[in-house]
Amino acid sequence: MRGEILGVERRRRWSDEEKLAIVTSVGIDVATVTRVAQHHDVTRQQIYGWRYELKRKGLW
């Protein structure tokens, strides 16, 4: 299998406010971590990591 590179791929940067909005949207209207992750095009592990990071910073 051979992949083709179509352009420059860059990492997305998320602000603490954006992370907090995504993390707090879990559980609203029965939204699961999986659904929130799919909606924002991130992984479930990112959401759990952000939750841990925001707790450590005292923002959540």
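Start at 1 with the first residue, then count along the sequence. Keep in mind it's a predicted model, so treat the numbers as computed, not measured.
The two residues Trp14 and His40 have their closest heavy-atom pair at CH2-O, 4.1 Å. Shortest non-hydrogen contact noted between Leu20 and Leu59 is CD1-O, 3.8 Å. Listed here is the closest heavy atom pair of Ala37 and Thr43: CB-C, 3.9 Å. Heavy-atom minimum distance, Val23 versus Ile47: CG2-O, 4.0 Å. The two residues Arg44 and Thr34 have their closest heavy-atom pair at CD-OG1, 3.1 Å. Closest approach of Ser25 and Ala31 over heavy atoms only: O-CB, 3.7 Å.
In this structure, Val30 and Arg35 have side chains that are not in contact, with every pair of non-hydrogen atoms separated by 4.5 Å or more.
Cluster annotation: Tyr48 is connected to Trp50 through the hydrophobic network of ILVMFWY side chains, with a link wherever side-chain heavy atoms come within less than 4.5 Å.
Note that the OG1 atom of Thr32 and the CD atom of Gln38 stand 7.5 Å from one another [nearest 0.5 Å]. In this structure, Glu18 CD and Arg13 CZ are separated by 12.5 Å, a value rounded to the nearest 0.5 Å. Here CG of Asp16 is found 6.0 Å from CD of Glu53. Values are rounded to the nearest 0.5 Å.
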